[in-house]
Each structure stands twice: as structure tokens, then as C-alpha cells.
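A short write-up of the structure that comes next.
The structure displayed is predicted, hence computed values, not measured ones.
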Amino acid sequence: MRTIFKRTFYLLLFSGVFLLPGCSEQETLVVIFHTNDTHANLDNYPAMAKLIEEEKILSEHVLVVSAGDIFSGNPMVDYFDPPGYPQIDLMNRLGYNLNTIGNHEFDYGIEVLKDRMAQADFPFILANLDTEGSDLPQPDPYHILRAGRRTIAFLGLVQLNHMGIPSAHPDNLKGIEFFSPVETASRFEFLTGKADAVIGLTHHGFRSDTLMASLYPWFDVIIGGHSHTLTLNPMLHNDVLVTQAGSNLDYVGKVTLLFRGRELVEKRGEMINLGAIEGRDELLAALVDEYAGNPVLNRVIGRMNRPLVGKPDLGCFITDAYREHGNYDFAFQNYGGIRVDSLTGEIRISDIFRMDPFGNELVSMEVTYSELQNLIGNSLSGNNYPSVQISGGRIEVHLNGEGTLQEVKIFNQSDDELSTGNRYQVAMPSYIASAFNFEREDQGYGTGIITAQVLIDQITRLQDIDYSGSQRTSVIRAEGK
Amino acid sequence: MQVYVNDMPVSVFDGAKVKDAINKYYSQMLLMGKSCEYFNEVTDSIGNQVSTDGSLSEDERIYLLASGRDR
């Protein structure tokens, strides 16, 4: 009985037809559920659907928005045919109203992004780009959603990296010009005159969101993404509510706006742990199970005609793939990051994720010979053998008679020792770039592609592979002491 | 770019994620002969949780916390 009373009360209070005593203007309550950086994780959508269904019993005006990076992170979705299809299918069924284009929305390439945008029952928005030089249709910079008699404008913005593009592979961004998200936002203050509330639906990190709040207090709310920040208690920054719902669909954010007439008189945010939701939408749960059980990862992408056995030979193949990916001078792979002992016969996508399960990104940098010597010298294992494989040349480790390191020499493919005056373009997994003791001037940059994808691309390209590794490292111990 | 882990400056590649900064931090701690404490939560400078896959920006500060312990 108490629950029925409570529901009836909320229905009347929030339905927009109920006038509070003493209030001369109609009140409208709008609930906005928001997610970000879900990265193709589908498991909690059935719980989220249940949450939305129950909220719609209480509240007449319920919106669902995404602050970007809906793709990349779940191989079952990323390698689905067509890529990303299950993600959009679930979002359509959830009733999403909007998605801001995050940097990972470009990961499948422009053509696939166009197809996924066409599949979506909701718009993709983004303000800080010009797509005239590419095949991607120019997205709307903002979108105004209606909630009863109230209107809410959502402005889409995406982060840019040190190269002035979103953190995605540059090949997937060709022909698109990007502009600073924070500067771009300054051109949209006019939205305050077009809608009753203005919300930044951004994908450039929590710090940029708070900066934007300090610069542009005309935003009522900023719903963000990219930094995977979980604002368990969303707070006001310069009177702008700034919120972000973590990542991987573990949480969903809930923003509640209360309008009196056209005026936004109250705003608050909260986070809901989807793992703690009781019940789920059973139809959606069955669909998620169906997608999870599909055999996409068993797809054969190539064949090793000659078994590739042992980490040195696997390392040769892996580093060759890295080096050829970007025409680098050299590439490196740490043996500890190779998690299988061999590749034989038919190679499936799942084999690559078993071999390289860590989600490392390929990092590019420009280094000197002495910096490379430093990397190799510091990577020596107990038997004085480097713990990294090289492509693009070979390594000599010189020890004295007592087994102490004297010198590391690196030779190029012409077997000339590297020159101290030159700088070299090299590629390596993010793990080496961050976890290895490797002093260098240029810290490098992430290329926007995970190493597993480089390997999948290489095997898919080569198909029938007749590959054998080669001896690329020798440890030379001087005689005597 | 430079970020800070437990207020220690660490240089990481552009586009690095939280986990990369933590790896670099641990690498530096080991070089200094310091022990690396267990953590099960990462927060930003105002106490929001961030995931290890979260993106970082220049001069960002993150903190590694053991459960139930304040920064």
C-alpha cells in the first residue's frame, strides 16, 4: 500500500500536470540516464533496461544519452560482422536518445561508423570537427530533446591529442579537421536562447569538463566521458553540475532536472551501480547471451603453414608485424607479453587474444642509438639475454669473462652498427614504453591501435603464412677475466 | 607528457592511460629501491574514482589507495 501511495505521489509530482501549492507555474521533472565509455560491454544492459522501465513508471520524462566511446573493448562486438552491430542494436532497444562521437567511435573506420550511425535510431552529435574532406557526413553539433513542454540542448565535444586529432588511428581520421573542444564550446552560448537547459555531452575528460564549467557557466550540466571518472557524488563546479559514469557499463548516471515554468530550479546527479539492480529485462538478457555466444572469435583469419614455436620466433613474427605496420626502423616486443608457446595451422581471432591478451597499445617514438642500448641493457634477464625481441636488425650483448655487461650493440638490416648521430623511429607495446627502465628524451605517443589488432591485420593480410623466425640476438662472453 | 602518481612526477607517452602511468610509477619506485604498496582503488585529485583504462591529460594527478584508506 505504501509503495502504491509513493508511486502515485511521484506520478502526480513529476508528471508535469501537478501544481505544487503556492506555485503558479507548472513544474516539469526530467530524468536523464547517462553512460560513457561503455566500450562494447553489453552485460549490464538488461539491468539498465529494467531500471529505465521502472523509472518510466515514476517519471513521465526520461531521456537516455551516451557521452561517447561505445565501441572497442569487447572482441565479441568489435569483431562481429558487421563490427559494432550488437552495440547499436542494444542501444536502440534501450531507447537511447543521443550519442556523442568519442575517439573510439572511429576505430572501425569511417565506412563502418557511417553504417553504425545509419543503424542507430538516435543521432550521433559532435561540434568540433569538419568532415568536408572525408566521406563522413557532418554530424549535428548539438541536438535539442523535448521533455513535455521543456527543451534541453545537448552539445557534443571530443578530446584531441598532441597531434590535434582524437586518440584513434590517424588512418581512420583522414580528411577530417578537428578543432579545440573547449574553444568550440564558446561558440554555442546561443543555445541558452534556444532551449530551457544546456548540457555538454562531452568526451574530453573530467578535468576538461571542470575547466569548461569554470569558463562557461551557461552550461547547466556537463555529462562527460574519456577519463573513465566515476563521480559517485556529482558536484557543482562554478554552479555547473559535472558528472561522469565511470566505464564499461558498471554504473549508469542519473541526472534529475526540475523546471518551474521554463526555469531550471534544481539539478542533481547520482550514480547507480548496475550490478546491484534487482531484476533485468529478460528479452534483452537473452539477446546479450546470443551475442556473447556467437562464434565470431572462431573466425579463421589465416594459416601458419609452418609451425611457429617458441617465444623468440613468435617475437620475430610479432615485431615484424609492428614494424611493417608503420614502416618503423625498429620494433620491440617483451617476451613476457607473449602468452602462448606456438602458433600452428589455422589461426583464429581468439588465438591472437590468447597470445596477446593485455590490450596494449602500439606506441611510436623517436630514439637515439644510446637510448636503444639503454633499453636493451636494462632488459637483460638472469642469463644476460634481453627480455625483448627486435625487428629491423639484430642485437649483440657483450659480456666480460665474469659475465658482466660491457656493451650492447645494435645492427640494422644491412648489418651496419647504428650511428650515434641518428635518431630512429621505433614501435613497441605500451607496456615496454611504461614499465621498462628505459630513459629517453621522447616519450612517444600512442598510435590508437592495440597490438592484437596489428597482429590480426597482419595475419589477415598475409593469409597463407610461410614464416620462420631468425636468430636476432647473440650474447657474446669474452674469454678469461 | 608529465603526470603525477601519488604526487611523484612520471613521464609517459602521449595518450597514456592510468595503467601506463602506474606502470611507470612502479618502475621508478623500484629504481629508487622503494617498495610498491598494494592498491585497489585509483582516484583523481578530488577523490573521484578512475579506472585503470581511463585516459590522462598533461599534469593530471592520480592517487593509488588501499581500500578504506584516505589519501
Side-chain angles (χ1 to χ4, degrees), chain A residues 37 39 69 73 102-103 159 161-163 166-168 203-208 210-211 225-235 237 242-244 246-248 250-251 271 358-361 363-365 378 428 430-448, chain B residues 1-65 67-71:
Chain A
D37 299 282
H39 289 293
D69 273 12
N103 52 302
Q159 58 83 223
N161 63 18
H162 68 291
M163 293 189 287
S167 297
H203 192 86
H204 59 173
F206 186 77
R207 285 178 80 221
S208 296
T210 54
L211 169 66
H226 190 57
S227 54
H228 295 201
T229 304
L230 179 63
T231 55
L232 282 172
N233 299 297
M235 291 161 60
H237 297 258
V242 180
T243 182
Q244 192 175 142
S247 61
N248 298 329
D250 292 332
Y251 283 78
M271 289 295 141
F358 298 112
N360 276 300
E361 185 177 3
V363 172
S364 169
M365 63 182 72
N378 287 334
M428 62 187 67
S430 47
Y431 185 78
I432 295 181
S434 56
F436 275 54
N437 174 18
F438 174 24
E439 291 297 320
R440 77 271 187 188
E441 190 179 324
D442 177 20
Q443 294 299 319
Y445 63 91
T447 59
Chain B
M1 65 179 177
Q2 183 164 277
V3 298
Y4 297 83
V5 181
N6 288 352
D7 293 324
M8 175 190 284
V10 297
S11 294
V12 290
F13 61 87
D14 282 304
K17 299 186 186 309
V18 168
K19 63 183 177 185
D20 300 310
I22 295 171
N23 281 334
K24 193 66 181 280
Y25 168 75
Y26 276 170
S27 163
Q28 289 185 193
M29 290 285 280
L30 286 171
L31 270 181
M32 292 188 293
K34 295 183 177 175
S35 61
C36 298
E37 291 183 0
Y38 169 79
F39 74 95
N40 58 6
E41 187 180 328
V42 188
T43 70
D44 64 15
S45 57
I46 58 171
N48 292 312
Q49 287 179 32
V50 291
S51 84
T52 53
D53 282 329
S55 296
L56 292 167
S57 55
E58 183 78 40
D59 290 329
E60 191 144 357
R61 288 176 185 271
I62 57 170
Y63 296 89
L64 313 182
L65 304 180
S67 182
R69 203 186 64 192
D70 290 334
R71 173 162 61 88

Of all of A:F436, A:Y445, A:F438, which one pairs up most often with chain B through heavy atoms under 4.5 Å apart? A:Y445
Answer with side chain, backbone, both or neither: which region of A:N161 has an atom nearer than 4.5 Å to a non-hydrogen atom of chain B? neither
Taking every non-hydrogen atom, the tightest pair across A:H204 and A:S208: O-OG, 3.2 Å
Top residue by heavy-atom pair count (under 4.5 Å) with chain B, among A:H162, A:E361, A:R207? A:R207
Among B:D53, B:V18, B:T52, B:V42, the residue with the most heavy-atom pairs under 4.5 Å to chain A is B:D53
Which pair of non-hydrogen atoms, one from B:D20 and one from B:V12, has the smallest distance, and what is that distance? O-CG1, 4.3 Å
Top of B:G15, B:S57, B:S27, B:G54 for chain A proximity - count of heavy-atom pairs under 4.5 angstrom: B:G54
Is the A:H228 ring parallel, tilted or perpendicular to the A:H39 ring (thresholds 30°, 60°)? tilted
B:F13 and A:M365, any side-chain heavy atoms less than 4.5 Å apart: no
Does the side chain of A:N103 come under 3.5 Å of the side chain of A:H203 through a donor N or O and an acceptor N or O? yes
Identify which of B:N23, B:D14, B:V10 forms the greatest number of heavy-atom pairs closer than 4.5 Å to chain A. B:D14
Where does B:E58 contact chain A at under 4.5 Å (heavy atoms): side chain, backbone, both or neither? backbone
Under a 4.5 Å heavy-atom cut-off, does chain B meet the side chain of A:F358, its backbone, both or neither? backbone
Using non-hydrogen atoms only, which part of A:S247 is less than 4.5 Å away from chain B: side chain, backbone, both, or neither? side chain
Nearest heavy-atom approach of A:L232 to A:M271 is CA-CG, 3.9 Å
Counting only heavy atoms not in A:E441 (residues, nucleotides, ligands), do more than 12 fall under 6.0 Å from its CD? no
